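Owing to the predicted nature of the structure, the values given are computational and were not obtained by experimental measurement.
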Amino acid sequence: VAGVWLLYSVVGPSVESVLYVAVINDYWNDTASEALELDLKEYVNAHPKWEEVIIDDSYYFQGDSSTDASQYVQKLAAYIFAGDIDIIVANEEQFEVYATQDYFSNLQEILPADLYDLVEDSLVYYTSENDGKTLPVGIRLGDSKVYASMNNYQESPLLGIMGNSDYIENA
């Protein structure tokens with residue numbers, strides 16, 4: 001039995017993440033996060049058995065110089081460089097670190113016009129350190145009813161879609 005399980009685990013089908021949201025320096029209510037994961041999974045039409053949506057709020061390293069904090073930073077960096085993270089939600093200070101280094105997509109280019117118009121008043125612009133261009137790369141979530149339901153700690157974090165995401169359409 002153990003051999004069959006091991007063989008199935010190695011060569012059998014695996015669950016694929018079709019949307020990964022990294023929440024930085026904030027903790028969200030588990031029940032609300034799970035409900036949002038289910039809603040997003042349905043919204044992106046993910047296969048119920050083989051595809052998943054992940055909301056990961058384990059990245060907490062604000063004002064913390066502990067070993068745990070450095071491990072979270074390293075984990076986040078590895079996931080970002082691997083293209084595994086599709087969306088980052090972070091406080092303004094942390095968001096700026098990634099925004100000025102061109103990690104995020106230009107929202108004017110990737111959002112459908114009707115959605116762009118809907119969030120236009122909440123857009124946040126950053127200037128790239130590389131080319132000096134100022135682009136809309138973040139959405140302020142302070143007025144979001146969905147974000148308010150997370151029983152969060154941040155007052156108005158920013159949401160950005162990663163430029164190297166494999167699932168930009170889902171994001």
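Dense packing is recorded around CD of Glu16, with more than 12 heavy atoms of other residues, nucleotides or ligands lying under 6.0 Å away.
Closest heavy-atom contact between Trp28 and Asp57: N-OD2, 2.8 Å. In terms of heavy-atom proximity, Ile85 sits nearest to Ser165 at O-CB, 4.2 Å. Smallest separation of non-hydrogen atoms from Glu92 and Leu158: CG-CD1, 3.9 Å. Looking at every heavy atom in both residues, Gly138 comes nearest to Leu107 through N-CD1, 3.6 Å.
Counting only heavy atoms from C-beta outward, the side chains of Leu19 and Ile87 approach each other to under 4.5 Å. Counting only heavy atoms from C-beta outward, the side chains of Asn106 and Ile110 never approach each other to under 4.5 Å. Between Asp56 and Lys75 there is a side-chain heavy-atom pair separated by less than 4.5 Å. Under the 4.5 Å side-chain criterion, counting only non-hydrogen atoms from C-beta, Tyr98 is in contact with Ile80.
With hydrogens and angles disregarded, no donor-acceptor distance shorter than 3.5 Å links the side chain of Lys133 to the backbone of Ser128.
Tested against Phe104, the residues Tyr126, Phe95, Tyr125 include a single ring-ring contact (aromatic ring centres under 6.0 Å, His included) partner, Phe95.
Ring geometry for Tyr27 versus Tyr60: interplanar angle under 30°, hence parallel rather than tilted (30 to 60°).
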